[in-house]
Undergrad: 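So that we are looking at the same thing, I have put the structure below in structure tokens.
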Amino acid sequence: AGRLAYMPKGVMPSTQGNPNRLNEDKILFGLSGSINVESENESTNDTRVVLEFAMLKNKLYLAAEAYYMNVGFTDRQKINESYNYLGGYVQGGYFVAPRLQAALRYDFFNRNGTGDDGFLNMPAVGMNYFFKGCNLKLQAMYQYIARTGHDTQLDRDNDNLGLATHSATVMLQYTF
């Protein structure tokens, strides 16, 4: 695995916004990749390549990633096929108040591989509240998962695999 990142305005913080850094001006361009080879396990050999971007400008945080993944099954699984996947996301957050951040995100992924029809489109909206002086964040998010790009409605319906169409998450996160 390896990663190259270019940060012309100094080190980009690893947060997705922080109320203590509302006067920052940072930007990141990155390229990463990994190869995972399983020798005897009933698993897969994976190759991943990722392009990434992140920007922090005062109250605004933006990020995006696009990735390619190849999954090849090991000989022990007796499957000779390999699959290619494309996906990515773009997200943004903006501090609407000193400790309250509104967030939007859009994910996409062709989970059936590039050889078969069917994309997941996953828009989400959220809010983050940062408690003062204790590294504690309350996150709330709603996400909708749509399946698109299938040849027929029946193909789309059969491609469900138990995914929830609507989901809501509330999480309390402590960082140290």
Undergrad: Assigning hydrophobic clusters by single linkage (Ile, Leu, Val, Met, Phe, Trp, Tyr; side-chain heavy-atom cutoff under 4.5 Å), is Leu4 placed with Val11?
TA: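 Unlinked, Leu4 and Val11 end up in two clusters.
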
Undergrad: Applying side-chain hydrogen bond (donor to acceptor under 3.5 Å, both in side chains), which residue pairs with at least one partner in residues 86-97 are found, sequence neighbours left out?
TA: Gln91-Arg105

Undergrad: When you group the ILVMFWY residues by side-chain heavy-atom contacts below 4.5 Å and let the links chain together, are Tyr61 and Leu22 in the same group?
TA: no

Undergrad: Checking Arg99 now: which residues fulfil salt bridge (Lys or Arg N to Asp or Glu O under 4.0 Å) with it, not counting sequence neighbours?
TA: none

Undergrad: With a cut-off of 3.5 Å and sequence neighbours excluded, list every side-chain donor-acceptor pair involving residues 62-73.
TA:
unit_1 : atom_1 : unit_2 : atom_2 : d
Tyr68  : OH     : Asn84  : OD1    : 2.6
Asn70  : ND2    : Asn84  : OD1    : 2.7

Undergrad: Can you name the side chain to side chain donor-acceptor pair (under 3.5 Å) partners of Asn36, sequence neighbours left out?
TA: none

Undergrad: In chain order, what residues pass the side chain to side chain contact (heavy atoms under 4.5 Å, CB included) check against Ala5, with sequence neighbours excluded?
TA: Arg3, Met7, Leu28

Undergrad: Please tabulate, one pair per line, all N/O donor-acceptor pairs under 3.5 Å involving side-chain atoms of residues 122-131, not counting sequence neighbours.
TA:
unit_1 : atom_1 : unit_2 : atom_2 : d
Asn128 : ND2    : Gln101 : OE1    : 2.9

Undergrad: How far apart are the closest heavy atoms of Pro98 and Pro19, and which atoms are they?
TA: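 That would be O-CB, 3.2 Å.
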
Undergrad: Running the 4.5 Å side-chain criterion over Ile, Leu, Val, Met, Phe, Trp and Tyr, what cluster does Leu51 land in, apart from itself?
TA: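 Its cluster mates, by chain and number, are Leu31, Val49.
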
Undergrad: Same cluster or not: are Val90 and Phe109 linked, directly or through other Ile, Leu, Val, Met, Phe, Trp or Tyr residues, by side-chain heavy atoms under 4.5 angstrom apart?
TA: no

Undergrad: Determine the minimum heavy-atom distance between Thr15 and Asn18, stating which atoms define it.
TA: OG1-CB, 4.0 Å

Undergrad: Answer yes or no: are there more than 12 heavy-atom neighbours, outside Lys59 itself, under 6.0 Å from its atom NZ?
TA: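 No, the 6.0 Å shell around NZ holds no more than 12 heavy atoms from other groups.
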
Undergrad: Just jot down the side chain to side chain contact (heavy atoms under 4.5 Å, CB included) partners of Thr169, sequence neighbours excluded, or say none.
TA: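 None.
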
Undergrad: Is the shortest side-chain heavy-atom distance between Ile35 and Asp46 below 4.5 Å?
TA: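 No. Closest side-chain heavy atoms not under 4.5 Å.
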
Undergrad: How would you list all residue pairs meeting ring pair (Phe, Tyr, Trp, His ring centres under 6.0 Å) that involve residues 10-36, not counting sequence neighbours?
TA: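 Passing the test, one end in residues 10-36: Phe29-Phe53.
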
Undergrad: Could you give the distance from CG (Leu104) to CE (Met141), rounded to the nearest 0.5 Å?
TA: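 Here the interatomic distance stands at 12.0 Å.
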
Undergrad: Any pair with a residue in residues 4-23 that passes salt bridge (charged side-chain N to carboxylate O under 4.0 Å, His left out), sequence neighbours left out, goes on the list, sorted by first then second residue, please.
TA: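 Output for this query lists Lys9-Asp25, Arg21-Glu24.
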
Undergrad: Does a side chain donor of either Asn121 or Tyr144 reach within less than 3.5 Å of an acceptor in the other side chain?
TA: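 Side chains of Asn121 and Tyr144: no pair found under 3.5 Å.
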
Undergrad: Could I get the full list of side chain to side chain contact (heavy atoms under 4.5 Å, CB included) partners for Asn23, not counting sequence neighbours?
TA: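 Asn23 satisfies side chain to side chain contact (heavy atoms under 4.5 Å, CB included) with Asn58 once adjacent residues are dropped.
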
Undergrad: Less than 4.5 Å apart, any side-chain heavy atom of Pro13 and any of Leu56?
TA: yes

Undergrad: Quick check on the hydrophobic clustering: are Leu136 and Leu100 connected, directly or via other members, by side-chain heavy-atom contacts under 4.5 Å?
TA: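 Result: yes, single cluster for both.
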
Undergrad: Applying side chain to side chain contact (heavy atoms under 4.5 Å, CB included), name anything that partners Ser167, two or more places apart in sequence or on another chain.
TA: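 Ser167: side chain to side chain contact (heavy atoms under 4.5 Å, CB included) contacts with Gln143.
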
